[in-house]
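Notes for the one structure printed next.
Heavy-atom basis, side chains included; hydrogens, waters and symmetry copies ignored. Quick note: residue numbers are just sequence positions, from 1. Quantities reported herein were computed from a predicted structural model and do not represent experimental measurements. Both ligands and their constituent atoms are indexed starting at 1 by order of listing.
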Amino acid sequence: MNKNIVILISGSGSNMAAIVKASRKGHWPQRLGAQVVAVISNKADAAGLVFARDHQIATAVLNHKAFGSREAFDAALMVEIDRHEPALVVLAGFMRILTPGFVQHYEDRLINIHPSLLPAFTGLNTHQRAIDMGCKFAGATVHRVTAELDHGDILDQAVVPVLLGDTAQALAERVLTQEHVIYPRAVESLLTQMT
Ligand code: GAR
């Protein structure tokens, strides 16, 4: 079975890069019949697109501002994604709220990484909020995507300490390093479970 992976990004794409690197180092095409076939961004200047092109991965840009509604954008995005017949759609810093129709279309094959220990701190500014609340630990969560923002079954998590005097940026960097460990691991685990 050909397990095509499509990754959606909006920015630097470091999680996408970590997954691509893991797939090549771990010989996913040979071992799992799986490969990253496309990287799609809603922003033309997303730095991750350069990495994808440099690694001979198909890229596409769909500017959400060119669409009249969330539904219209998601419909076009689905067409772009479905060209690749994905077994797995991976949200990697894709900063868009998805419509229920989109989520339903990819039921059981849509996952996300969120920079907090869910169910704590859904939404934005997770690191500053964790610091402000006096949390001693923070982290990241890989989860299945449901119509409710930052909910869905938890697939993997990483925990890091919040250090005295931490800034949101310092904490974000510490968390991101661990995201690069758990996201490829969660993707590989899901691919392994697919027959
Ligand atoms: C990551 O920290 C990811 O967890 C977060 O955006 C960053 C993307 O970095 N995602 C969200 O906040 C989603 N709500 P990257 O582009 O370098 O992978």
CD of Gln178 to CD1 of Ile113, rounded to nearest 0.5 Å, is 10.0 Å
Candidates Gly93, Ser116, Ala18; heavy atom nearest atom 6 (O) of ligand 1 found on Gly93
4.5 Å side-chain heavy-atom contact, Thr122 and Glu148:
no
The atoms of ligand 1 lying under 4.0 Å from a heavy atom of Ile113, numbered in the order shown, are 4 (O), 10 (N), 13 (C)
Geometry only, no angles: is Ser12 polar-contacting ligand 1 at N/O separations under 3.5 Å? yes
Next item on the list: Tell me yes or no: between the side chains of Thr177 and Glu173, is some donor less than 3.5 Å from an acceptor?
Entry: no
For Thr99, is there any backbone N or O sitting under 3.5 Å from a side-chain donor or acceptor partner on Asp74?
yes
of all protein heavy atoms, closest to atom 14 (N) of ligand 1 is His114 ND1, 3.6 Å
Could a heavy atom of Leu176 be found less than 4.0 Å from some atom of ligand 1? yes
The protein heavy atom nearest to atom 1 (C) of ligand 1 is Glu179 OE1, 3.2 Å
When you compare the side chains of Asn15 and Glu179, does any donor N or O come within less than 3.5 Å of an acceptor on the partner?
yes
In this structure, atom 11 (C) of ligand 1 is nearest to the protein heavy atom Pro115 CD, 3.6 Å
To the nearest 0.5 Å, atom NE2 of His64 lies from atom CD1 of Ile97 at 11.5 Å
ask   = Has ligand 1 got any nitrogen or oxygen that is less than 3.5 angstrom from a nitrogen or oxygen of Gly13?
value = yes
